[in-house]
Amino acid sequence: QVQLVESGGGLVQPGGSLRLSCIASGGLFYINTMGWYRQAPGKERELAATITRAGTTTYGDSAKGRFTLSMDDAKNTVYLQMNSLKPEDTAVYYCNANLNVPPTWTQVTYWGQGTQVTVSL
């Protein structure tokens, strides 16, 4: 059973940095994309960043220029480096993975449980 295990959330002051990690584990799978979405209170879930196995990244508008997403495909892990954090970055951050899994090797979408990021004085 595939699981996404997230770590790295917490409380940080405005202007600070955090790094989120997400590991995909459990059984056989092929990674198509992995990344992060976020959901602030009262708002819809939105894209932070995703990356393909080939290394192509896509960033949400709020993340461009401040967040960097990378993948260690040997470890099935993605890292979201978040710099120059603002109070409006406060949200629950969810790891997302689109994986091909057996027996049909068709794509299945997985979500982590979420990790809280709070940007405040």
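Since the model is a prediction, treat every value here as computed from it, not as a measurement.
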Approximate separation, where rounding is to 0.5 Å, of [X] [atom1] and [Y] [atom2]:
X: N83; Y: D89; atom1: CG; atom2: CG; result: 10.5 Å
X: R38; Y: T90; atom1: CZ; atom2: OG1; result: 9.0 Å
X: W36; Y: N96; atom1: CH2; atom2: CG; result: 10.5 Å
X: T50; Y: L69; atom1: OG1; atom2: CG; result: 7.0 Å
X: T33; Y: L99; atom1: OG1; atom2: CG; result: 8.0 Å
X: Y110; Y: L4; atom1: OH; atom2: CG; result: 9.0 Å

Minimum heavy-atom separation for [X] and [Y], please, with both atom names.
X: Q116; Y: A91; value: NE2-O, 3.4 Å
X: Y59; Y: A49; value: CD2-CB, 3.5 Å
X: A63; Y: A48; value: CB-O, 3.5 Å

- Give the C-alpha distance, both sets of side-chain angles, the deciding distance and a yes or no for side-chain hydrogen bond (donor to acceptor under 3.5 Å, both in side chains) between D72 and T77. CA-CA 5 Å; D72 183 337; T77 301; over 6 Å; no

How about [X] and [Y]: do any of their side-chain heavy atoms sit closer than 4.5 Å?
X: M82; Y: V12; result: no
X: P14; Y: L121; result: yes
X: I31; Y: D73; result: no
X: Y30; Y: R53; result: yes

Within 6.0 Å of CD in Q39, more than 12 heavy atoms from elsewhere:
yes

E88 atom CD, neighbour heavy-atom count above 12 within 6.0 Å | yes

As a quick check of understanding, evaluate side-chain contact (heavy atoms from CB on, under 4.5 Å) for Y79 and T68, giving each step before the final call. CA-CA 8 Å; Y79 305 96; T68 302; over 6 Å; no

In terms of hydrophobic clusters joined by side-chain contacts under 4.5 Å, are [X] and [Y] together?
X: L80; Y: V5; value: no
X: F67; Y: V119; value: yes
X: L20; Y: I23; value: no

Residues passing the ring-ring contact (aromatic ring centres under 6.0 Å, His included) test with W105, sequence neighbours excluded, are none

For L47, the other hydrophobic cluster members (4.5 Å side-chain criterion, sorted by chain and number) are Y37, V92, Y94, W111

Using a 4.5 Å side-chain heavy-atom cut-off and chaining through intermediate ILVMFWY residues, the residues clustered with L11 come out as none

Could you check whether any side-chain N or O of E6 sits under 3.5 Å from a backbone N or O of G114, counting only pairs where one atom can act as donor and the other as acceptor? yes

